[in-house]
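Input: a single structure, listed below in structure tokens.
Just so you know, these numbers use all the heavy atoms, side chains as well, and skip hydrogens, waters and symmetry mates. Chain A is the first sequence line, chain B the second, and so forth, proteins listed ahead of strands; every chain is numbered from 1.
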There are 2 protein chains.
Amino acid sequence: MALEKLARVDQRQSPTVVEIAKRAGCSIATVSRVLNRPETVAIDLRERILRIVDELGYVPNGSARALRSSRSRLIGLIVPTLDSAIFTRMLEGLESRLAPAGASLVYSATGYDLDREIRVVRNLIEKGVDGIVLVGSCHRKETLKLLREHRVRFAVTYALSEDVSIPSMGFDNRSGGALAASYLADLGHKNLAVIAGVTRENDRASGRLEGFLAMAERRGIDRSSIVVVESPYEFSRGRAAAKIILNQNRNVTAIFCGSDVLAVGALRACKDAGLSVPQDISMIGFDNLDIAEYLTPGLTTVDVPARLMGEQAANYFLADQNSLDIHSRVELETRLIVRQSTAPARDRQ
Amino acid sequence: MALEKLARVDQRQSPTVVEIAKRAGCSIATVSRVLNRPETVAIDLRERILRIVDELGYVPNGSARALRSSRSRLIGLIVPTLDSAIFTRMLEGLESRLAPAGASLVYSATGYDLDREIRVVRNLIEKGVDGIVLVGSCHRKETLKLLREHRVRFAVTYALSEDVSIPSMGFDNRSGGALAASYLADLGHKNLAVIAGVTRENDRASGRLEGFLAMAERRGIDRSSIVVVESPYEFSRGRAAAKIILNQNRNVTAIFCGSDVLAVGALRACKDAGLSVPQDISMIGFDNLDIAEYLTPGLTTVDVPARLMGEQAANYFLADQNSLDIHSRVELETRLIVRQSTAPARDRQ
DNA sequence: GGAAACTATGAAAAGGTTTACATAGCCCTG
DNA sequence: CAGGGCTATGTAAACCTTTTCATAGTTTCC
């Protein structure tokens with residue numbers, strides 16, 4: 001006699017829907033229904049099943065669920081890096097919305113390398129994510145091809161894609177840069193410098209720079225007179241870049257930095273050089289990191305709706321794909337936060 | 001005649017292992033083998049299959065793979081929050097190791113709420129993660145029960161669990177606190193204050209505080225003379241806490257903060273109060289965030305091997321479970337980074 | 001009172017892999 | 001040259017759900 005057939009289901013094995021059904025005296029289909037659309041099951045049976053689910057500590061198998069329904073409740077996030085804290089707020093916003101809906105966030109970094117982004121995307125597709133949040137609208141053809149061929153929804157953040165068919169929750173980096181230029185012009189600054197992020201294959205960095213230059217020009221400042229340096233987003237790099245600018249261009253009275261991280265470094269360089277901010281040099285950052293308010297002097301900066309972008313992206317992916325009010329293009333605003341690092345122009349020396 | 005049977009496989013559908021096998025004229029088992037243990041397949045067949053895989057842009061279905069093999073290549077990370085940048089470095093370290101191995105990181109936040117942690121853990125188990133990285137060794141019974149019952153490997157970071165059967169990659173928060181106390185004693189400070197994190201259900205915050213107090217006592221400073229305030233890890237809260245301390249205890253000459261975030265706020269409070277650091281007040285932080293070096297004055301702080309913990313945790317989960325050299329307890333060191341925010345004691349006023 | 005329309009449930013297939021087991025061909029060895 | 005041990009491949013089951021379709025029972029309506 002096949003004794004093993006009679007052996008009780010191994011207690012130590014995680015229970016499945018079969019075990020639940022057996023105990024509730026119903027079919028697995030009904031158990032599944034209770035778990036997914038409870039209202040379709042008679043109340044007493046439903047409650048009996050739920051009780052058993054609870055008793056056994058049953059947790060559905062996400063892989064099986066995903067395989068069958070082709071929905072994993074996983075959303076991928078691909079950012080260049082979290083090292084410089086710029087994208088952390090978006091990540092938090094995204095997760096804060098996903099979690100209550102039972103969805104999870106899969107995080108990946110590219111290190112600002114678009115080729116690595118291709119591999120990252122492939123990896124996320126393999127994991128079966130329901131959607132991918134990208135930063136910026138500059139990507140390899142291959143990246144987009146992968147996304148299209150595998151029918152993975154995606155959205156762009158931190159920028160607004162020119163192609164309106166691509167969902168984006170972002171802001172116009174150019175206007176952000178323009179905000180800074182405009183304010184410096186208002187203050188009477190004529191000798192400007194920019195420490196931009198690395199603009200190559202980075203539409204955010206180049207947009208901010210372009211917007212700044214264009215507005216400066218409109219305000220009567222000769223574009224070619226503006227000193228521009230590019231620098232990776234690191235404190236030390238901002239410091240080094242500012243040092244060069246201050247040494248080589250003794251008449252510069254204001255510096256616009258493509259990110260607050262660069263600005264922190266640049267502020268330090270001013271101090272190193274014995275220049276005071278804002279008396280000698282005005283400084284404007286970009287991002288409005290939490291720390292900006294706590295620097296000395298408080299950093300004037302362009303606020304980026306980072307958390308909001310994350311939340312909006314989450315909304316987009318959580319919304320029923322056929323829903324009527326699905327916002328696939330959310331245009332958010334930047335605004336200038338004036339603190340103590342900017343003042344009216346005064347000649348240096 | 002059933003024409004649809006003859007219809008070519010829908011090009012627009014992602015190809016599966018069946019399609020590959022068909023084109024290569026072999027069985028799906030062989031395709032699977034090529035993908036997982038290539039060395040077991042004859043070289044010419046293997047290469048033919050790989051070529052087809054490439055041509056078709058085949059991407060394996062992770063859900064099916066996970067379902068069958070019960071390995072998802074997903075590692076969960078549960079931290080209180082990323083808002084204060086404390087845990088970001090660990091996250092980056094973890095991801096940087098997981099990605100090359102084809103594994104991905106699923107991020108979740110608890111907001112310092114241990115009950116929410118239970119739900120988060122359940123959710124991650126449902127997603128089928130192969131392992132979970134936790135922060136600290138203080139958790140609800142139910143959390144641990146879930147992990148055990150579902151046989152999910154997990155590890156503790158940012159602390160060393162007392163229970164040696166629980167893998168941990170962390171450091172001793174008490175020694176970290178002791179480092180700070182010891183250094184302040186060396187400098188001759190006798191009137192100390194601590195702005196600790198919220199110690200309730202937080203072994204890291206309480207460990208740091210305890211270690212500080214114990215060492216201070218050992219160095220002849222009466223424990224009861226030390227002013228202790230607890231505060232959530234936010235710039236503004238650190239500022240508020242320091243303000244109270246400075247107002248109510250005019251003789252305090254040194255403040256130890258349970259995190260750099262608190263220290264940034266506290267530095268600001270000193271400035272608000274017209275006190276200079278380090279001449280009037282010495283300040284020590286904890287974490288050694290990147291920003292610490294760029295504050296004015298540069299912040300003396302206890303360095304935490306955050307990135308390393310992430311990397312070590314990744315190593316642990318990536319290692320073959322039966323491997324001999326699997327390090328399930330990695331004890332890392334904190335060290336004091338002396339900058340400009342600390343100086344020998346001088347009476348205030 | 002009987003057809004029509006619902007409602008609650010069950011049976012069974014499907015989703016794409018991995019893997020235990022079987023097999024066929026080959027090379028050795030005695 | 002029989003038989004044993006390899007190696008490379010194939011067959012088919014299993015992983016755990018969701019979902020389509022069928023069915024039995026109940027209500028509704030003329």
- Counterpart residues, ring-ring contact (aromatic ring centres under 6.0 Å, His included), relative to B/Phe317 (two or more places apart): none

- Note on the structure: Taken in chain and number order and not counting sequence neighbours, the residues that satisfy side chain to side chain donor-acceptor pair (under 3.5 Å) with A/Asp83 are none

- Item | Set of residues satisfying side chain to side chain contact (heavy atoms under 4.5 Å, CB included) with respect to A/Ile166, sequence neighbours excluded | A/Phe154, A/Val156, A/Ser161, A/Asp163

- Starting at CG of B/Asn36 and ending at C1' of C/dG16, how long is that distance when rounded to a whole Å? 13 Å

- salt bridge (charged side-chain N to carboxylate O under 4.0 Å, His left out) with A/Arg33: which residues, sequence neighbours excluded? none

- Item | Separation of C/dT17 P from B/Leu35 CG (nearest whole Å) | 8 Å

- Set of salt bridge (charged side-chain N to carboxylate O under 4.0 Å, His left out) partners for A/Arg307, sequence neighbours left out: A/Glu311

- Apply side chain to side chain donor-acceptor pair (under 3.5 Å) to A/Thr88 and list each qualifying residue two or more places apart in sequence or on a separate chain. none

- Under a 4.0 Å heavy-atom cut-off, which of residues 58-65 of chain B touch DNA chain C? B/Tyr58, B/Pro60, B/Asn61, B/Ala64, B/Arg65

- Query: Which residue pairs pass the salt bridge (Lys or Arg N to Asp or Glu O under 4.0 Å) test with at least one member in residues 128-148 of chain B, sequence neighbours excluded?
  - Reply: B/Asp115-B/Arg140, B/Arg140-B/Glu201

Protein and nucleotides 7-9 of chain C: nitrogen or oxygen contacts under 3.5 angstrom:
unit_1, atom_1, unit_2, atom_2, d
C/dT9, OP2, A/Ala42, N, 2.9

- Note on the structure: Contacted region of DNA chain D by chain B, from 5' end to 3' end of the hits, cut-off under 4.0 Å to heavy atoms, spans D/dA8 to D/dC16

For residues 51-68 of chain B, tabulate all N or O donor-acceptor pairs below 3.5 Å that involve a side-chain atom, not counting sequence neighbours.
unit_1, atom_1, unit_2, atom_2, d
B/Asn61, OD1, B/Ser63, N, 2.8
B/Asn61, OD1, B/Ala64, N, 2.9
B/Arg65, NH1, A/Glu126, OE2, 3.3

- Note on the structure: Angle separating the five-pair end axes of the helix from C/dG1-D/dC30 to C/dG30-D/dC1, nearest 10°, is 40°

- Query: Please give, in whole Å, the distance from C/dG16 P to B/Ile28 CD1?
  - Reply: 11 Å

